[in-house]
S.K.: 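I'd like to ask some things about the structure below.
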Amino acid sequence: MKVIVVGNGGREHALAWKLLRSPQVEQVVCIPGNGGTASMARCQNVALAVDDFEGISQYALENGISLVVVGPEVPLAKGITDYLQDKGLMVFGPSKAGAQIEASKAWAKALMQEAGIPTAKASVFTEAAAAKSYVKAQGAPIVVKADGLAAGKGVTVASTVAEADAAIDAIFQGQFGSAGEFVVIEECLIGQEVSVLALTDGVTIRPLLPAQDHKRVGEGDTGENTGGMGAYAPAPIATPEIMARVQTEVLERAIATLKSKGIDYRGILYAGLMISPDGDLKVLEFNCRFGDPETQVILPMLATPLEELILACVQQRLGELPPIAWHEGAAATVVAASGGYPGNYEKGKVITGINQAEAAEVTVFHAGTKLNQQQEIVTDGGRVLNVTAIGENFDQALAKAYKGLQSIQFEGMYYRRDIGYRVKSL
Ligand code: AMP
Ligand code: GLY
């Protein structure tokens, strides 16, 4: 099989890497890919935009592509699956209608309420004055969310009413583009977050190992929110009891309610959950795709060939497969970011030491990297590398990942030193 992976992040490098370990997959084409996917054997980059559906379909049809795996939410929300399926291609990822579960927080909230999925109490507003008077009545802390896709920047957890008001103004002043037509205001939940990504073919739902991300830029979970600074799996906070509840109260209800709306949802359904200190769970958000960096720790633990699972989802025969098999132990990834991220940062810094790190039992998934004209790997984004390791336990996996990081250098490199602090034994 020849497979296209759409996207250019660490998640897509991990998807390509894992697909190439499947006996059936002979070649992966990343569109547009990054410096890591450009350097991997049997993998190549093709410089098309992720929303150039015509270009992607033409490439796929001319080059004997059997399957297209879509990484990011933007092309899914724009209907890449519908477009490519119309051209006769097999695509992993939900339709445009299904992707609304991520692309509109108001739509997702209404779906959760209709389905009886546990979630924060919320109201939706279309103008600032009404939103602000609701905030005033509720008091802080309170959470303000832009409705549409905002690259992870549309949510403000406001600790004061003034902060919430400022967030409401920013949204209605169009700071998030079309993400600013509605605002969702919801109760602030406390607890620990966990990501449960599930494979589904629209009928059967098979959760992957639960993972925990570290969203804040600073150690001790301080500072600004980012796309994710590190992750580990399996997250012990998602106990078997919690996972059973996620299956019946979250995933099954979501898929059934999507079906009742005529949406045959196939792909990844990602539930971002808050587990309260007394062990209760609520859904913070749904995503219609693999998480980043969660995928970078889930896939190294996966023993079943990924392409078998993906094809079974696309062909609606996931229920015929044996249970998903996992490796023993634990996985951890630490993100090396450009200095200044998630604010402004410079690009084009030469990265050294990746080969030495990989010789020391880590896998380095590239995120914001590219090859320059001298064929050197240089930085090309905020999150640059995901230094990933598996071990018999978390201590081992984390120690290996941090040891790998010691070899890697680029100007301004920043990483959190406390990834996995909740699961470390010391
Ligand atoms: P979302 O994109 O909706 O997941 O929000 C991004 C991040 O904002 C989440 O991962 C949480 O850290 C935080 N967040 C979202 N909703 C809430 C909430 N109701 N209470 C507390 N934190 C929240
Ligand atoms: N790691 C968070 C996300 O993928 O949305």
Side-chain angles (χ1 to χ4, degrees), residues 7 9-12 14-15 70-74 76-77 99 101-109 112 117-124 135 138 140-159 163-164 167 171 176 179 182-197 208 210-217 221-233 235 268-277 280-299 333 335 337 342 365 367 382-383 386 419:
R11 164 183 57 204
E12 287 76 21
L15 284 165
V70 184
E73 62 277 16
V74 168
L76 291 167
I101 203 157
E102 174 166 3
S104 168
K105 292 194 189 289
W107 193 88
K109 187 59 83 171
M112 287 189 248
I117 293 170
T119 186
K121 196 175 75 152
S123 291
V124 178
V135 165
Q138 299 291 317
I142 195 152
V143 181
V144 179
K145 300 185 174 185
D147 178 61
L149 296 179
K153 299 198 170 84
V155 175
T156 301
V157 180
S159 46
E163 207 184 320
I171 290 169
F176 303 104
F182 297 95
V183 62
V184 179
I185 301 197
E186 67 181 44
E187 118 193 62
C188 186
L189 302 174
I190 52 156
Q192 250 192 77
E193 287 182 53
V194 65
S195 307
V196 178
L197 283 65
L208 303 175
Q212 190 166 61
D213 188 4
H214 297 62
K215 293 213 164 151
R216 303 297 196 95
V217 71
D221 296 324
T222 54
E224 281 185 83
N225 255 338
T226 69
M229 295 300 294
Y232 59 82
I268 290 284
L269 181 60
Y270 162 150
L273 304 164
M274 186 74 93
I275 313 293
S276 71
D280 206 16
L281 71 91
K282 289 207 165 100
V283 175
L284 292 172
E285 63 164 348
F286 282 115
N287 293 320
C288 64
R289 49 158 179 93
F290 284 101
D292 187 341
E294 290 92 328
T295 303
Q296 291 88 304
V297 287
I298 293 170
L299 294 183
T333 191
V335 172
F365 295 122
R383 291 190 291 171
N386 310 139
I419 298 304

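Ligands are counted one by one from 1 in listed order, and the atoms in each one are counted from 1 as well.
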S.K.: I'd like to know if the side chain of Asn386 and the backbone of Val335 have a donor-acceptor N/O pair within less than 3.5 Å.
M.R.: no
S.K.: Is Cys188 near ligand 1, meaning one of its heavy atoms is under 4.0 Å from it?
M.R.: yes
S.K.: When rounded to the nearest 0.5 angstrom, what is the spacing between CG in Asp280 and CD1 in Ile275?
M.R.: 8.5 Å
S.K.: Does an N or O anywhere in Lys215 fall below 3.5 Å from an N or O of ligand 2?
M.R.: no
S.K.: Can you give me the closest heavy-atom contact between Ile171 and Lys145, atom names plus distance?
M.R.: CD1-C, 3.8 Å
S.K.: Nearest protein heavy atom to atom 3 (C) of ligand 2, by residue and atom, and its distance?
M.R.: Tyr270 OH, 3.5 Å
S.K.: Distance-only, no hydrogens or angles: does the Gln212 side chain make a donor-acceptor pair with backbone N or O of Ala235 under 3.5 Å?
M.R.: no
S.K.: List ligand 1 atoms under 4.0 Å from Lys215, heavy atoms only on the residue side.
M.R.: 10 (O)
S.K.: What do we get for Glu187 next to ligand 1 when only non-hydrogen atoms under 4.0 Å count, side chain, backbone, both or neither?
M.R.: backbone
S.K.: For Lys282 and ligand 1, answer yes if some heavy atom of the residue is under 4.0 Å from a ligand atom, otherwise no.
M.R.: no
S.K.: Please identify which of these residues, Lys109, Lys282, Glu186, meets the side chain to side chain donor-acceptor pair (under 3.5 Å) condition with Thr119.
M.R.: Lys109
S.K.: How close do Val184 and Ala122 get, heavy atom to heavy atom, and via which atoms?
M.R.: CG1-CB, 4.0 Å
S.K.: Heavy atoms only: which of Lys109, Lys145, Arg216, Lys121 lies closest to atom 16 (N) of ligand 1?
M.R.: Lys145
S.K.: Report, in ascending order of atom number, the atoms of ligand 2 lying under 4.0 Å from any heavy atom of Glu294.
M.R.: 1 (N), 2 (C), 4 (O)
S.K.: Find all atoms of ligand 2 within a distance of less than 4.0 Å from any non-hydrogen atom belonging to Asp213, and give their numbers and elements.
M.R.: 1 (N), 2 (C)
S.K.: Are any of the side-chain nitrogens in Arg289 or Glu73 under 4.0 Å away from the carboxylate oxygens of its partner?
M.R.: yes
S.K.: Could you see which bit of His214 sits under 4.0 Å from ligand 2, with heavy atoms only: side chain, backbone, both or neither?
M.R.: neither
S.K.: Out of Glu285, Glu193, Lys105, who gets a non-hydrogen atom closest to atom 9 (C) of ligand 1?
M.R.: Glu193
S.K.: For the pair Thr226 (side chain) and Arg216 (backbone), establish whether a donor and an acceptor sit closer than 3.5 Å, ignoring hydrogens and angles.
M.R.: no
S.K.: Quick check: do Pro141 and Val157 have side-chain heavy atoms less than 4.5 Å from each other?
M.R.: no
S.K.: Looking only at protein heavy atoms, which one is nearest to atom 5 (O) of ligand 2, and how far off is it?
M.R.: Arg289 NH2, 2.9 Å
S.K.: With atoms numbered from 1 as shown, which atoms in ligand 2 lie under 4.0 angstrom from a non-hydrogen atom of Asn287?
M.R.: 5 (O)
S.K.: Show the atoms of ligand 1 that are less than 4.0 angstrom away from any heavy atom in Val143.
M.R.: 16 (N), 17 (C), 18 (C), 19 (N), 20 (N), 21 (C)
S.K.: Indicate, as side chain, backbone, both or neither, the part of Leu189 found under 4.0 angstrom from ligand 1 when only non-hydrogen atoms are considered.
M.R.: both
S.K.: If only atom types and distance count, is the side chain of His214 paired as donor or acceptor with the main-chain N or O of Ile419 below 3.5 Å?
M.R.: no
S.K.: Asn225 versus ligand 1: do any nitrogen or oxygen atoms come within less than 3.5 Å of each other?
M.R.: no
S.K.: Return yes if some donor-acceptor pair links the side-chain N/O of Glu285 with the main-chain N/O of Gly272 below 3.5 Å, else return no.
M.R.: no
S.K.: Using non-hydrogen atoms of the residue, decide whether Gly272 is closer than 4.0 angstrom to ligand 2.
M.R.: no
S.K.: Which ligand 1 atoms, with their elements, are less than 4.0 angstrom from a heavy-atom of Glu186?
M.R.: 16 (N), 17 (C), 18 (C), 19 (N)
S.K.: Could a heavy atom of Ser195 be found less than 4.0 Å from some atom of ligand 2?
M.R.: no
S.K.: Give the atoms of ligand 2, by number and element, whose distance to some non-hydrogen atom of Gly291 is under 4.0 Å.
M.R.: 4 (O)
S.K.: What distance do Leu208 atom CG and Leu197 atom CG have between them, rounded to the nearest 0.5 Å?
M.R.: 6.0 Å
